[in-house]
Amino acid sequence: MIHLDHISRIFTVGTQEVRALDDISLDIGAGEYVSIMGPSGSGKSTLLNLLGLLDRPTHGIYKLQNEPVSSLDEEQQARIRREQIGFVFQFFHLIPRLTAFENVELPLSLNGVIKEERAQRVRSILDSLGILDRASHRPDQLSGGQRQRVAIARALVVQPAMLLADEPTGNLDRRSGREVIDILEDQNRKGLALIVVTHDPDLGKRARRRIRLEDGQIVQDIRNDQTLPLEQ
């Protein structure tokens with residue numbers, strides 16, 4: 001599903017070049033559960049942004065569903081984000097003036113889904129996540145765990161091919177964090193590709209595949225507790 005071929009992302013800071021990603025080649029299949037770990041500044045968020053088409057590589061090719069996507073124009077990339085990629089962030093990124101229902105409905109509106117179908121899909125996903133009774137509440141009327149459930153519902157309502165989660169439990173208490181992870185892993189068991197960036201080693205170990213970055217490079221790629229040889 002995901003194919004990265006010699007991807008680099010280079011930033012210029014003053015007179016210096018910073019290689020946030022340095023010649024990364026990587027394949028992630030449909031339905032995989034992958035954690036991406038590493039120290040601060042290792043390139044985790046940069047990699048997630050590239051996978052989510054929120055940034056472009058300086059060099060290399062990114063294919064999603066066999067389609068080269070890194071060279072597409074902004075409008076084409078936005079369409080793929082809306083239709084194929086779900087995002088869950090640490091700080092929720094809900095629109096404060098909209099209710100939970102309206103926040104979840106928004107991507108469907110952008111995709112041109114008719115009103116009746118939007119309402120049915122939003123109610124269904126909110127119900128499945130146990131927050132249908134909070135549909136009319138604004139974000140400031142919800143707990144942190146409830147806000148993250150709304151964010152997850154917004155990501156899932158478009159029925160994406162993959163879900164990208166950036167520190168999804170980082171702003172939650174332990175109980176709420178466990179509940180959020182249970183929700184994400186349940187979606188993965190239903191066939192959704194799940195890619196999680198985290199500093200939490202316990203969360204990282206739950207993934208069936210664990211990738212570690214250091215200095216913009218993949219230094220470890222583990223499946224089923226067996227270290228895989230990395231292609232040079």
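Side-chain atoms are counted along with the backbone in the values below, which use heavy atoms only and exclude waters and symmetry mates.
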Note: P201 and H199 closest approach over all heavy atoms is CD-O, 3.2 Å

* Asked: Transitively linked via ILVMFWY side-chain contacts under 4.5 Å: L106 with I80?
  -> no

By side-chain contact (heavy atoms from CB on, under 4.5 Å), S45 pairs with (sequence neighbours left out) D166

Mark yes or no for whether T58, through its side chain, and I10, through its backbone, hold a donor-acceptor pair below 3.5 Å. yes

Applying side-chain contact (heavy atoms from CB on, under 4.5 Å) to A165 and not counting sequence neighbours gives V88, P168, L184, V196

So CD1 of I61 and NE2 of H6: to nearest 0.5 Å the spacing works out to 9.5 Å

Sequence neighbours excluded, the answer for ring-ring contact (aromatic ring centres under 6.0 Å, His included) partners of F87 is F89

Using side-chain heavy atoms (C-beta onward) and a distance below 4.5 Å, is D5 in contact with S25? yes

Shortest non-hydrogen pair, I28 vs L26, comes out as CD1-CD2, 4.0 Å

Would you check if E83 and V158 make a side-chain contact, meaning some heavy-atom pair closer than 4.5 Å?
no

Residue pairs passing the salt bridge (Lys or Arg N to Asp or Glu O under 4.0 Å) test with at least one member in residues 136-154, sequence neighbours excluded, are R138-D140, R149-E179

Quick one, R208 and N188 - any side-chain contact, counting heavy atoms below 4.5 Å? yes

When rounded to the nearest 0.5 Å, the distance separating CG of L72 from CD of E67 is 5.5 Å

Residues 95-117 vs side-chain hydrogen bond (donor to acceptor under 3.5 Å, both in side chains), sequence neighbours excluded, gives R82-N111, T99-E102, E105-R118, S109-R118, E117-R121

Rounding to 0.5 Å, atoms CG (L64) and CD (Q84) come to a distance of 5.0 Å

Give a yes or no on whether L164 and L94 share a hydrophobic cluster (residues Ile, Leu, Val, Met, Phe, Trp, Tyr; joining criterion: side-chain heavy atoms under 4.5 Å apart). no

Sorted by chain and number, sequence neighbours left out, side-chain hydrogen bond (donor to acceptor under 3.5 Å, both in side chains) with D127 holds for none

Same cluster (ILVMFWY, side-chain, under 4.5 Å), L192 and I2 = no

Across all chains, not counting sequence neighbours, the side-chain hydrogen bond (donor to acceptor under 3.5 Å, both in side chains) partners of E214 are R212

Nearest heavy-atom contact between V157 and P107 is CG1-CG, 4.0 Å

On a heavy-atom basis, the closest approach of G31 and A193 is N-CB, 3.7 Å

So CZ of R19 and OG1 of T46: to nearest 0.5 Å the spacing works out to 13.5 Å

Q: Tell me, yes or no, whether the heavy-atom count around N66 atom CG, taken from other residues, nucleotides or ligands under 6.0 Å, exceeds 12.
A: no

Here the salt bridge (Lys or Arg N to Asp or Glu O under 4.0 Å) pairs for residues 32-50, sequence neighbours left out, are E32-R209, E32-R223

Within the 4.5 Å heavy-atom criterion, are L163 and I195 side-chain neighbours or not? no

Applying salt bridge (Lys or Arg N to Asp or Glu O under 4.0 Å), run through D182 and R178 and close with a yes or a no. CA-CA 6 Å; D182 286 344; R178 284 198 301 267; over 6 Å; no

Exercise. Kindly indicate, with the supporting measurements, whether the criterion side-chain contact (heavy atoms from CB on, under 4.5 Å) is fulfilled by H137 and I131.
Key: CA-CA 10 Å; H137 290 59; I131 50 172; over 6 Å; no

Distance col, row S42:OG vs I218:CD1, nearest 0.5 angstrom, shows 11.0 Å

Exercise. Mind checking whether V150 and L132 sit in one hydrophobic cluster, side chains of I, L, V, M, F, W, Y counted as touching below 4.5 Å?
Worked result: yes

Of I85, L4, V197, the one forming a side chain to side chain contact (heavy atoms under 4.5 Å, CB included) with L51 is L4

Correct closest heavy-atom pair for P160 and G86 would be CB-N, 3.6 Å

- Hey, is the main chain of L172 close enough, under 3.5 Å, to the side chain of T169 for a donor-acceptor pair? no

### Query
Do M1 and I211 belong together in a cluster built from hydrophobic side chains that touch within less than 4.5 Å?
yes

Residues 195-205 vs salt bridge (Lys or Arg N to Asp or Glu O under 4.0 Å), sequence neighbours excluded, gives none

Residue set satisfying side-chain hydrogen bond (donor to acceptor under 3.5 Å, both in side chains) with E185, at least two apart, ordered chain then number -> Y33, R206

Exercise. Should we say atom CG of D173 is surrounded by more than 12 heavy atoms from elsewhere, each under 6.0 Å from it?
Worked result: yes

Within a 6.0 Å radius of atom CD on Q76, are there more than 12 heavy atoms belonging to other residues, nucleotides or ligands? yes

Taken in chain and number order and not counting sequence neighbours, the residues that satisfy side-chain contact (heavy atoms from CB on, under 4.5 Å) with R56 are E74, Q77

In terms of heavy-atom contacts, S35 and G204 come closest through OG-O, 2.9 Å

Rounding to 0.5 Å, atoms NZ (K63) and CG (D27) come to a distance of 10.5 Å

Residue set satisfying side-chain contact (heavy atoms from CB on, under 4.5 Å) with D55, at least two apart, ordered chain then number -> R9, F11, N49, L50

